[in-house]
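Throughout, protein chains are lettered first and strands after them, A, B, ... in sequence-line order, and every chain is numbered starting at 1.
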There are 2 protein chains.
Amino acid sequence: MSEILSERKKELIEKIGVFHEQRGMQPLMGRILGLLMVLDEAEATFEEIVDYLNVSKSAVSNALNFMQIQNKVKYKTKPGERKRYFYLKADDWENDMQTQIEDITQATHFLQEVIDVREQANPSFTNHLQEVCSFLEYVKTKIPSLFEGFRKQKG
Amino acid sequence: MSEILSERKKELIEKIGVFHEQRGMQPLMGRILGLLMVLDEAEATFEEIVDYLNVSKSAVSNALNFMQIQNKVKYKTKPGERKRYFYLKADDWENDMQTQIEDITQATHFLQEVIDVREQANPSFTNHLQEVCSFLEYVKTKIPSLFEGFRKQKG
DNA sequence: AAATTGGTTCACTTTTTTATGAACAAACAA
DNA sequence: TTGTTTGTTCATAAAAAAGTGAACCAATTT
């Protein structure tokens with residue numbers, strides 16, 4: 001464990017942890033995300049994660065396996081070593097963003113089913129639902145141009 | 001309790017409940033949201049909610065109060081009755097959407113702090129972080145025009 | 001072969017979240 | 001006044017999530 005974490009880094013890890021926790025991520029997963037961001041080398045071995053975060057091996061094992069399935073984390077090995085060096089799959093951020101933005105629009109399915117199932121005792125409410133639904137569909141169509149616009153603007 | 005819920009509506013309520021649950025909302029709150037969407041009149045009294053969802057009065061009381069603080073639900077009364085008729089604040093959806101979309105960009109604060117705190121042992125990783133951060137800032141600037149674009153397109 | 005390293009698995013404990021139900025209160029009705 | 005309706009509050013129970021530690025396994029070292 002080469003790097004010693006500053007207080008600022010420790011606090012930042014916790015803040016990142018809470019942030020993700022509030023969005024439905026398991027607490028330890030959020031902290032591992034934070035740790036791997038904050039470390040200068042942006043990687044850590046299994047044992048380092050255990051030591052930095054003061055948690056059990058089993059908790060880390062479960063969290064890391066889950067995060068690998070979710071495609072958030074990968075590991076590499078170094079010649080002659082058996083240790084795994086875990087790091088965030090940062091290259092994949094565009095995909096990740098796309099998924100996140102699209103997730104908002106997932107509600108359309110439910111909204112549409114609600115609209116279908118409602119008897120028209122309250123048309124103005126149904127119209128509201130329809131409008132939200134239309135907006136979400138509009139947003140979905142605009143996602144690609146959001147990425148294009150960004151690339152154009154910076155490139 | 002005038003309306004009798006069809007199986008389809010019951011299932012839809014559960015699906016909507018799970019959907020919101022997975023995004024960090026309390027289970028009962030998600031189900032109340034679903035119920036108030038699915039009911040033809042788009043409203044229900046306290047007791048109806050208790051009966052439709054088979055939960056205790058205290059659970060409903062807590063959930064409704066919370067949802068009112070969060071500005072998701074309101075109630076009206078009818079002349080000569082003490083009962084409250086609860087309904088979703090559907091008029092407010094644009095604000096709600098804005099908040100949801102902006103929430104994604106909240107990560108910029110943390111990302112920026114991570115970038116600040118990192119020693120440059122791994123510049124390519126830091127560059128990735130910077131790029132994500134820039135993208136999120138770009139998205140934030142584009143939110144208003146998203147709403148404008150939608151209004152223009154439909155109006 | 002014995003010991004060590006690097007991690008996994010599983011039964012169990014701890015903690016947190018969610019829901020219950022009894023008691024209570026305020027408003028009205030008989 | 002007494003009873004009823006419409007909720008609220010609080011202590012607690014039930015359920016779910018998260019984490020622990022011992023036992024284990026496979027690969028490597030001694």
Side-chain angles (χ1 to χ4, degrees), chain A residues 1-2 10 13-14 16-36 41 43-70 72-87, chain B residues 1-2 13-14 16-36 43-70 72-87:
Chain A
M1 188 153 69
S2 41
K10 286 185 197 167
I13 290 170
E14 289 307 311
I16 293 171
V18 170
F19 178 81
H20 284 101
E21 213 172 307
Q22 286 172 339
R23 281 155 189 77
M25 186 177 282
Q26 297 170 17
L28 181 54
M29 279 176 55
R31 274 143 193 95
I32 291 176
L33 266 181
L35 177 67
L36 295 181
E41 300 291 349
E43 61 180 37
T45 66
F46 187 95
E47 206 196 350
E48 283 170 353
I49 296 173
V50 166
D51 291 344
Y52 277 130
L53 299 179
N54 279 302
V55 283
S56 64
K57 290 204 292 172
S58 42
V60 170
S61 177
N62 285 323
L64 283 176
N65 287 328
F66 209 85
M67 292 168 88
Q68 287 173 88
I69 287 166
Q70 289 195 335
K72 297 206 170 304
V73 157
K74 296 204 337 181
Y75 68 82
K76 60 180 165 214
T77 48
K78 294 183 182 181
E81 279 188 56
R82 255 199 308 157
K83 281 185 224 179
R84 294 169 188 178
Y85 288 80
F86 294 93
Y87 60 95
Chain B
M1 186 153 69
S2 41
I13 291 170
E14 288 307 312
I16 292 171
V18 170
F19 178 79
H20 284 101
E21 212 173 307
Q22 287 171 339
R23 281 155 189 76
M25 186 177 281
Q26 295 171 18
L28 182 53
M29 280 176 54
R31 272 143 194 96
I32 292 177
L33 266 180
L35 177 67
L36 295 180
E43 62 180 36
T45 66
F46 187 95
E47 207 197 349
E48 283 171 352
I49 296 173
V50 167
D51 291 344
Y52 277 131
L53 299 180
N54 280 300
V55 283
S56 64
K57 290 203 294 172
S58 43
V60 170
S61 177
N62 285 323
L64 283 176
N65 287 329
F66 208 87
M67 290 167 88
Q68 288 174 89
I69 288 167
Q70 290 195 334
K72 298 205 170 303
V73 157
K74 298 205 336 182
Y75 69 82
K76 60 181 164 215
T77 50
K78 295 183 181 181
E81 279 189 56
R82 257 200 304 157
K83 281 185 224 179
R84 295 169 187 177
Y85 290 78
F86 294 92
Y87 60 94

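- Every residue meeting the ring-ring contact (aromatic ring centres under 6.0 Å, His included) condition with Phe19(A), not counting sequence neighbours, appears here in chain and number order: Phe110(B).
- Of the inter-residue distances, the one linking Tyr87(A) atom OH with Glu41(A) atom CD reads 14.5 Å to the nearest 0.5 angstrom.
- The ring-ring contact (aromatic ring centres under 6.0 Å, His included) search around Phe46(A) returns none, not counting sequence neighbours.
- Residue pairs meeting the salt bridge (charged side-chain N to carboxylate O under 4.0 Å, His left out) criterion with at least one partner in residues 23-36 of chain A, sequence neighbours excluded, are Glu14(A)-Arg31(A), Glu21(A)-Arg31(A), Arg23(A)-Asp103(B).
- Taking atom CG of residue Asn65(A) and atom C1' of nucleotide dC10(C), one finds them 15 Å apart after rounding to whole Å.
- Rounding to the nearest 0.5 angstrom, the gap separating the CG atom in Leu53(B) from the CG atom in Leu35(B) is 5.0 Å.
- Regarding Lys83(A), its NZ atom lies at a distance of 13 Å from the C1' atom of dT4(C), rounded to whole Å.
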Q. Where each pair must be Watson-Crick or G-U wobble with both distances under 3.5 Å, what dot-bracket representation of DNA chain D is obtained, with crossing pairs in [ ] and other-strand partners as |?
A. ||||||||||||||||||||||||||||||
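- Rounded to whole angstrom, the span from the CD atom of Glu47(A) across to the P atom of dT5(C) amounts to 9 Å.
- The residue among Leu64(B) and Met25(A) whose nearest nucleotide of DNA chain D is located toward the 5' end is Leu64(B).
- The outermost nucleotides of DNA chain D lying under 4.0 Å from heavy atoms of chain A, listed 5' to 3', are dA18(D) to dT28(D).
- A heavy-atom distance below 4.5 Å is not found between the side chains of Arg84(B) and Lys76(B).
- Taking Val73(A) as the reference, Leu36(A), Leu64(A), Met67(A), Gln68(A), Phe86(A), Leu88(A) meet the side chain to side chain contact (heavy atoms under 4.5 Å, CB included) condition, with sequence neighbours excluded.
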**Q.** Summary of protein contacts for nucleotides 19-24 of chain C, nucleotide by nucleotide, where a base hit scores B, a sugar-phosphate-only hit scores S (4.0 Å, heavy atoms)
**A.** SBB---
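- Looking at every heavy atom in both residues, Met29(B) comes nearest to Ala63(B) through CG-CB, 4.0 Å.
- Rounded to whole Å, the distance from CZ on Phe46(A) to P on dT5(C) is 15 Å.
- With sequence neighbours excluded, the residues satisfying salt bridge (Lys or Arg N to Asp or Glu O under 4.0 Å) with Lys72(B) are Asp96(B).
- Regarding contacts with the backbone of dT8(C), a side-chain N or O of Arg84(A) is found under 4.0 angstrom from either OP1 or OP2.
- Put simply, CZ on Phe66(A) is 17 Å from C1' on dT9(C), counting in whole angstrom units.
- Listed by chain and number, the residues in a side chain to side chain contact (heavy atoms under 4.5 Å, CB included) with Glu81(A) are Lys78(A), Lys83(A), Tyr85(A) (sequence neighbours excluded).
- Shown here are the side chain to side chain contact (heavy atoms under 4.5 Å, CB included) partners of Ser56(A), two or more places apart in sequence or in another chain: Ser58(A), Ala59(A).
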